[in-house]
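Order of the sequence lines fixes the chain letters, A, B, ..., with proteins taken first and strands second; residue numbering starts at 1 for each chain. Just so it is clear, the model here is predicted, and its values are computed rather than measured.
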Amino acid sequence: MAEMMYRDALNRALFEEMRRDPFVFVMGENIGWRGGSYKVTEGLMDEFGSERVIDTPIAEASFTGAAVGAALVGTRPVVELLFIDFILLTMDQIVNQAAKYKFMSGGQGHVPMVLRTQGGMGNGLAAQHSQSLEALFYHIPGLKVVMPSVPCDAYGLLVASIRDDEPVIFIEHKLLYMTKGEVPEEKYVIPLGEAHIKKTGEDVTLLTYSHMTLKCLEAAELLEREGISVEVVDLRTLKPLDTKTILASARKTGRVIVVHEACRRGGIGGDIAAMIMEEAYDDLDGPVARICGKDTSIPYNLNLENACVPTVEEIIEGVVKMV
Amino acid sequence: MPRNTINIPDKIEYLSILNEKGELDAGLEPDIPEELLLKLHRALLLSRKFDERLLNLQRQGRIGTFPPINGQEAAQLGAVALLRPSDWMVPAFRETAAEIWRGRSLESVIIYNNGYSEGAEIPQDLNNLPISVPVGSQILHAVGLGWAAKYRQTDDVAMTFFGDGATSEGDFHEGLNFAGVFQAPVIFVCQNNHWAISLPVAKQTRSKTLAQKALAYGMPGIQVDGNDILAVYAAAKEAVDRARADQGPTLIECVTYRMAVHTTADDPKRYRTEKEVDKWRKRDPIVRFQKYLVDKGLLSEDKIAGIESEVLEVIQAAVDGAEEKMKALGDPIDMFEHAYAEMPAYLKEQKEAFVTEVAEMTEEGDHG
């Protein structure tokens with residue numbers, strides 16, 4: 001085990017996959033000599049050169065669409081979109097093309113591409129650089145959505161995403177890149193669709209993912225001192241969703257809160273809450289609750305930005321109200 | 001000193017070899033083997049007659065909405081004739097002639113236009129992408145296919161088709177830019193048919209030609225008479241040869257005309273005059289090519305009549321075959337099948353529930 005930063009774990013996954021499979025290549029803005037705005041692609045240009053580390057013109061739809069074409073003939077593009085907010089320029093290529101190719105070609109066209117991007121608030125980057133847009137992709141048949149919270153998962157899930165034959169939207173969080181965690185030194189893969197219980201508990205289940213996992217763990221630790229036992233389930237992959245782990249935890253504690261940074265309205269929490277109530281209603285002590293981002297755009301002001309997304313205090317309050 | 005001219009060495013040529021009267025510019029005549037000339041002629045006739053039959057079927061309610069290609073046969077066939085099987089052909093949605101040349105069956109076109117997913121299946125040995133309706137989006141895939149061919153160190157090329165309207169889309173500009181920067185072996189074939197549904201090309205762009213847009217992206221552009229199959233062939237040959245030799249992409253603007261409706265859901269009388277259509281009727285691509293082949297002694301009126309009746313028989317057999325095949329198609333459960341390689345549990349549940357629902361409906365129907 002070695003302690004590693006989240007961004008370095010992703011970087012390691014890219015190096016190893018590019019060495020393993022000559023058809024893996026990376027493409028995006030400023031990812032070559034500059035090494036990517038969050039340093040995830042650092043060093044790749046030195047080893048693999050400009051044939052496989054492609055700095056593209058500033059035209060997101062072009063390289064996303066070209067990645068679809070290249071993926072159709074068996075290459076495995078890993079596209080970096082600097083901000084998830086820019087993904088909206090590529091929505092036709094992702095939603096109408098990548099996600100539907102297999103369906104509309106009668107199962108013939110495979111689009112084994114990974115679209116790496118980063119979202120979330122935290123650096124005072126304002127409304128168009130701080131969004132949590134995962135629900136858009138969660139909603140679209142044909143896509144997979146991955147959102148790791150710790151370096152160990154980031155590595156194993158990126159490896160799995162690159163090897164997956166479907167288009168994967170791999171969403172990192174700008175506040176996680178510098179966080180550290182233990183990462184096994186041997187190579188490994190974390191299959192898509194498996195949640196991970198980050199902390200076991202008996203009284204309340206917190207279902208969460210990405211950066212909110214860290215806040216939930218912090219809240220759980222503080223609550224433990226008050227004698228409230230909280231289970232923190234990190235979903236890791238939103239699509240496919242690990243309903244088995246979610247339902248087992250819900251049945252065990254009988255009290256569930258879904259916590260996410262994205263807006264509540266139309267958010268993933270609503271879908272997960274509905275699923276739990278459909279499947280495990282009789283095992284619940286009360287309705288599934290949601291603690292989510294506010295239904296507004298992220299303000300530029302840092303204080304307001306923090307107020308827009310769930311805080312540790314809010315999570316603690318939510319749990320206390322439930323027990 | 002303050003204002004100098006930057007000399008741009010590029011220029012835009014216009015190429016016409018066989019004019020609308022069927023007169024040949026012998027100095028420009030491309031060297032096409034007789035066998036290929038006759039194959040092209042049959043393909044022109046087959047696609048024209050098939051298009052007419054499809055329109056007929058649509059009016060009878062035997063197929064759904066479709067985009068006729070009438071008038072644009074030469075612009076497609078002259079270009080696609082240069083491709084090898086290992087090259088990629090990336091159509092928009094009005095390239096039925098090119099698709100048939102590349103091995104798509106007539107039956108598959110009819111089945112597709114009846115809404116069956118089986119009609120969208122492309123046999124494994126054909127390097128064609130399926131049609132793409134969102135305007136211009138396929139251009140980028142051709143760029144990726146071309147780039148991948150180069151990366152794989154083959155000399156295969158990708159040829160993509162689009163219309164004049166697509167040249168306004170970001171995907172067109174981004175695709176050409178990318179191909180130019182990375183010298184991807186791609187042939188961009190613009191079928192300038194003068195109308196993007198109801199918008200004339202004059203309102204699509206202020207550019208004198210669409211071909212000149214190539215210059216901004218550092219690639220050659222050429223405008224050809226798209227109803228002159230010899231000119232299309234000659235320009236496409238130069239472009240394909242360059243791409244194979246790792247000398248990058250080319251934009252070819254084929255000036256042609258959409259003789260029929262945009263799709264069968266369209267009424268062009270609302271936005272263009274019959275007089276304009278008549279002007280283009282005199283420029284028909286098949287008439288002049290037939291005259292050329294007759295002048296060369298390769299065809300006679302009798303032979304042409306023979307080919308016509310042969311292709312009509314082929315078309316009739318395809319209509320019969322497709323209608324027979326479709327009797328066994330259309331299970332609604334199929335809609336769950338191709339979302340993922342391995343069906344996720346939630347989709348399986350939805351599928352099973354749907355199966356039950358359909359079964360109940362069928363039962364009710366039986367009793368009712």
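With a 6.0 Å radius and a threshold of 12 heavy atoms from other residues, nucleotides or ligands, A:Ile58 has its CD1 atom at or below the threshold. Within a 6.0 Å radius of OH in A:Tyr281, other residues, nucleotides and ligands contribute 12 heavy atoms or fewer. Shown here is A:Lys252, whose NZ atom has more than 12 heavy atoms of other residues, nucleotides or ligands within 6.0 Å. For CD of B:Gln350, the number of neighbouring non-hydrogen atoms (other residues, nucleotides, ligands) closer than 6.0 Å is greater than 12.
A side-chain donor-acceptor contact under 3.5 Å links A:Gln108 to the backbone of B:Ile122.
Contact annotation for A:Glu166: only side-chain heavy atoms (C-beta onward) come within less than 4.5 Å of a heavy atom of chain B. At a 4.5 Å heavy-atom cutoff, the contact between A:Asp55 and chain B is made by backbone atoms alone. If you measure heavy-atom distances from B:Pro134 to chain A, the contacts under 4.5 Å come from the side chain alone. Of the two parts of A:Lys100, neither the backbone nor the side chain holds a non-hydrogen atom closer than 4.5 Å to a non-hydrogen atom of chain B. Contacts between B:Tyr340 and chain A at a heavy-atom distance below 4.5 Å involve backbone atoms as well as side-chain atoms.
Two residues are said to be in side-chain contact when any heavy atoms from C-beta on lie closer than 4.5 Å; B:Trp88 and A:Val73 meet this criterion. Residues B:Leu129 and A:Tyr101 have side chains in contact (heavy-atom distance under 4.5 Å, counting atoms from C-beta outward). At a threshold of 4.5 Å between non-hydrogen side-chain atoms, the residues A:Arg52 and B:Tyr151 count as touching.
Taking 4.5 Å as the heavy-atom cut-off, the residues of residues 61-68 of chain A that approach chain B are A:Ala61, A:Ser62, A:Phe63, A:Gly65, A:Ala66, A:Val68, ordered by number. The interface of residues 96-117 of chain B with chain A, defined by heavy-atom distances below 4.5 Å, is empty. The contact list for residues 13-26 of chain A toward chain B, using heavy atoms and a distance under 4.5 Å, reads A:Pro22, A:Phe23, A:Phe25 by residue number. Within residues 86-95 of chain A, the residues having any heavy atom under 4.5 Å from a heavy atom of chain B are, by residue number, A:Asp92, A:Gln93.
Across all their heavy atoms, B:Glu121 and A:Ser105 have their closest contact at CG-O, 4.2 Å.
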side-chain contact (heavy atoms from CB on, under 4.5 Å) evaluation trace for A:Ile54 with B:Phe182: CA-CA 10 Å; A:Ile54 302 170; B:Phe182 295 104; 3.3 Å; yes
Given B:His141 and A:Gln97, is the side-chain contact (heavy atoms from CB on, under 4.5 Å) satisfied, shown in steps? CA-CA 10 Å; B:His141 304 156; A:Gln97 313 292 336; 3.6 Å; yes
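Of the listed residues (A:Asp165, A:Thr56, A:Leu143), the greatest number of heavy-atom pairs within a distance under 4.5 Å of chain B belongs to A:Leu143. Ranked by non-hydrogen atom pairs under 4.5 Å with chain B, the options A:Pro240, A:Ala71, A:Ala70 are led by A:Ala70. In terms of heavy-atom pairs under 4.5 Å with chain A, the best-connected choice from B:Ala148, B:Ala158, B:Ser137 is B:Ser137. If you tally non-hydrogen atom pairs under 4.5 Å between each of B:Ala184, B:Gly146, B:Ala120, B:Ala341 and chain A, the highest count goes to B:Ala341.
Between the CD atom in A:Glu51 and the CH2 atom in B:Trp147 there is a gap of 7.0 Å [rounded to 0.5 Å]. With rounding to the nearest 0.5 angstrom, the CZ atom of B:Phe178 is 5.0 Å from the CE atom of A:Met27. Atom-to-atom distance recorded for B:Ile131:CD1 and A:Met104:CE is 7.5 Å, nearest 0.5 angstrom.
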